[in-house]
Amino acid sequence: MPSPHRYTLGVLYGDGIGPEIVPASVLVADTALAATGAPPLTWQELPLGLRAIEEFGEATPEATLEALAETDGWLLGPHDSAAYPEPFHYELNPSGTIRKHFDLYANVRPARAFEGGRAVVPGTDLVIMRENTEGFYADRNTHLGTGEFMPTPDVAIAMGIITRTACERIAREAFELASRRRKKVTIVHKANVLKLTTGLFRDVCREIARDYPDVEVDDFHIDAMTVHLVRRAHEFDVLVTENMFGDILSDLAGELAGSLGIAPSLNASQDRAMAQAAHGSAPDIAGQDLANPVAMFLSTAMLLEWLGSRHGDETLTRAARIVEEGVASTLARGIRTRDMGGSAGCREFAEAVAASIGQP
C-alpha cells in the first residue's frame, strides 16, 4: 500500500548535458509511478550551476539549499565547475557543497552489466559503498577552509582525515546492503602504506563485520583491487572504501560494466538522499541530443527505492524496479546511445524506456 506521504522532489538541471538527462529522468519516473497507480510526485525546479551564477551570483544559492531542506530528496544533474568564471572556479563545487551541507555520508555506486550493453566484464553486478565526507578530498574534510595548503610556493600538503565515527557508519551501510544482496563485503584500503589512516578504516570495518556473521568479508589494497576488478569484477558484491579510492574505483567499475554513461549513484544520509549520475557534464556533446541518460535514470530509481524503504511505500519501491526493468529491456532490444555502440539520441532512448514502462 502507498504511504499517505505526498512527495516533493527537487530538480537541479546543472550544466552541460544536465538539462537533457534530468528532464528525461523526470519523464521516466512519472511514467513508472503512473504504472503503479501511485499519485504523482511534485517536482520543484531549483537553480544551480552556471545559470545560477549568472542570475544569483552563486553556483549553489543559499535559497536552493533552503528549498532542498523542505523536499524529500532531489535529482542533481552534472556540473561543469571547471568552466565557471573566477572566483567560482576555485570554490567548492555544487555537488560537494550539497553533500557537505546535508552530511550525505554514503555514496552508493552500483556497476551492473546489461544485456546488449557491451560490458568489458560480463556479469558484473556490484556496488561500491564510498565514504563521502573524509579522506584526502580537501574541500570536504574541514569545518573551515580546506585540507590543502602550501607553506611555500614549492610545497603543497593535503590532509587525509579518517575518523572512527565515519568508518562505522559507512561500514554498517555496506553490511546492511550486502545482507540484502549476495552477502559479501570487500574492504578496500592501503594499510600497507597508509597504516594509521586506511588501517583504521580497515580495522573498523572488520569490527562492524562481527555484527553480520552471515556476511563473508575479505579485503584488498587499492592497487590490487583495480586488477581484480578488470579480471573478475563479476565475482564481487559490495565494496566499501574511503572517499578518493571509491571515486576512482566506481569510474573503473562503470566502464567495466559497459560505459560510464550507465553508472548511477545515490548520495544519502539517514534522512536525505540525492540522485546523481556518476559521470560528468560532457560539455562537448551538450545540447546535441547525444547524451546517455541511463545513469540518471538508474540514479532516479535508486532515489525512489530509498524513499520507498524509508516511508514503507511499496509503490515507490515497485516504481524503482519498473525503471530498472525498462532500461534493461530497452538495451536488450538493441536501442542504445552512441557511447554504447548504438545510434539513439537521448530523447529517443528516453521515449523508448517510457514506452516500455507504459505498456500494460
Side-chain angles (χ1 to χ4, degrees), residues 16-17 21 78 107-130 174 177-178 181-182 184-190 216 218-266 275-282 284-285 290-302 323-346 349 352-353:
I17 60 174
I21 64 174
N107 188 202
V108 190
R109 293 194 171 190
R112 174 188 171 191
F114 290 93
E115 181 185 349
R118 301 179 70 188
V120 177
V121 184
T124 297
D125 181 10
L126 59 84
V127 179
I128 295 171
M129 188 68 72
R130 168 192 173 196
L177 178 60
R181 287 174 49 92
R182 302 194 304 276
K184 181 177 180 180
V185 168
T186 299
I187 306 163
V188 184
H189 58 88
K190 190 62 177 173
E216 178 186 352
D218 59 8
D219 69 270
F220 293 101
H221 297 145
I222 176 62
D223 45 345
M225 192 68 232
T226 61
V227 176
H228 288 304
L229 284 181
V230 171
R231 289 182 179 274
R232 54 189 187 96
H234 59 281
E235 296 181 13
F236 292 94
D237 183 18
V238 176
L239 281 62
V240 61
T241 190
E242 63 85 49
N243 204 339
M244 185 169 66
F245 295 165
D247 197 7
I248 295 168
L249 285 178
S250 56
D251 281 6
L252 172 61
E255 282 295 326
L256 294 176
S259 167
L260 197 57
I262 66 172
S265 79
L266 188 75
Q276 177 186 16
H279 59 69
S281 62
D284 56 320
I285 62 169
L290 296 175
N292 185 346
V294 168
M296 198 69 227
F297 290 176
L298 297 177
S299 300
T300 302
M302 292 176 72
V323 172
E324 293 173 353
E325 292 164 4
V327 168
S329 66
T330 301
L331 291 173
R333 295 200 312 274
I335 303 173
R336 300 186 298 271
T337 49
R338 188 178 64 175
D339 61 305
M340 300 184 74
S343 60
C346 178
F349 187 87
V353 173

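The chain is numbered in sequence order, starting from 1.
Considering CG of Asp247 and CG of Asn107, their distance stands at 8.0 Å, rounded to 0.5 Å. Rounding to the nearest 0.5 Å places CG of Leu331 at 8.0 Å from OG1 of Thr337. A distance of 10.5 Å separates CG of Leu249 from CE of Met244, quoted to the nearest 0.5 Å. Taking CG of Leu290 as the start and OG of Ser343 as the end, the distance is 11.0 Å to the nearest 0.5 Å. Considering CZ of Arg130 and CD of Glu242, their distance stands at 8.5 Å, rounded to 0.5 Å. Separating the CG atom in Leu229 from the CG atom in Leu239 is a distance of 6.0 Å, to the nearest 0.5 Å.
Across every non-hydrogen atom of Ala295 and Ala263, the tightest pair is CB-O, 3.3 Å. The shortest heavy-atom contact between Val238 and Ala174 is CG1-O, 3.8 Å. Of all heavy-atom pairs between Ala275 and Met296, the closest is O-CE, 3.6 Å. The two residues His279 and Gly261 make their nearest non-hydrogen contact at CD2-CA, 4.1 Å. Ala344 and Ile335 get closest at one heavy-atom pair: CB-CG2, 4.0 Å. Pro78 and Ile21 get closest at one heavy-atom pair: CD-CD1, 3.9 Å.
Residues Asn292 and Ile262 meet the side-chain proximity criterion, which asks for heavy atoms closer than 4.5 Å. Using a 4.5 Å cut-off on side-chain heavy atoms (C-beta onward), Met225 and Val227 make no contact. Counting only heavy atoms from C-beta outward, the side chains of Glu324 and Leu298 approach each other to under 4.5 Å. Put simply, the side chain of Asp218 does not reach to within 4.5 Å of the side chain of Ile187, judged on heavy atoms.
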(request) Go through the steps to decide whether Val185 and Glu216 satisfy the test side-chain contact (heavy atoms from CB on, under 4.5 Å), and finish with yes or no. (result) CA-CA 6 Å; Val185 168; Glu216 178 186 352; over 6 Å; no
(request) Please report the C-alpha distance between Ile285 and Ile17 in whole Å, then the side-chain angles of each, then the deciding distance to 0.1 Å, and finally whether the side-chain contact (heavy atoms from CB on, under 4.5 Å) criterion is met. (result) CA-CA 7 Å; Ile285 62 169; Ile17 60 174; 3.9 Å; yes
(request) Could you walk me through whether Met129 and Leu177 pass the side-chain contact (heavy atoms from CB on, under 4.5 Å) test, one step at a time? (result) CA-CA 9 Å; Met129 188 68 72; Leu177 178 60; 3.8 Å; yes
(request) Start with the C-alpha gap between Thr226 and Leu252, add the side-chain angles, then the distance that decides, and say whether side-chain contact (heavy atoms from CB on, under 4.5 Å) holds. (result) CA-CA 8 Å; Thr226 61; Leu252 172 61; 4.0 Å; yes
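For the side chain to side chain contact (heavy atoms under 4.5 Å, CB included) test, residues two or more places apart in sequence or in another chain that qualify with Thr241 are Ile128, Val188, Phe245. Legend: residues meeting ring pair (Phe, Tyr, Trp, His ring centres under 6.0 Å) with His189, ordered by chain and number and at least two apart, are His221. Residues forming a salt bridge (Lys or Arg N to Asp or Glu O under 4.0 Å) with Glu325 (at least two apart in sequence, or on another chain): Arg318. Every residue meeting the side chain to side chain contact (heavy atoms under 4.5 Å, CB included) condition with Ala111, not counting sequence neighbours, appears here in chain and number order: Thr124, Leu126, Ala253, Ala257. In this view, His234 satisfies the ring pair (Phe, Tyr, Trp, His ring centres under 6.0 Å) rule with no residue, not counting sequence neighbours.
A donor-acceptor pair is defined here as one N or O able to donate and one able to accept, closer than 3.5 Å; such a pair exists between the side chain of Ser265 and the backbone of Gln276. For the pair Arg336 (side chain) and Met340 (backbone), a donor-acceptor distance under 3.5 Å is present.
Note on residues 248-259: pairs passing side-chain hydrogen bond (donor to acceptor under 3.5 Å, both in side chains), not counting sequence neighbours, are Arg109-Ser250, Ser259-Asp339.
Remark: Glu235 CD is packed, more than 12 non-hydrogen atoms of other residues, nucleotides or ligands lying under 6.0 Å away.
Using a cut-off of 4.0 Å between Lys/Arg side-chain N and Asp/Glu carboxylate O, Arg181 and Asp237 are scored as salt-bridged.
In this structure, Phe349 and Phe297 have parallel ring planes: the angle between them is below the 30° cut-off, well short of the 60° mark.
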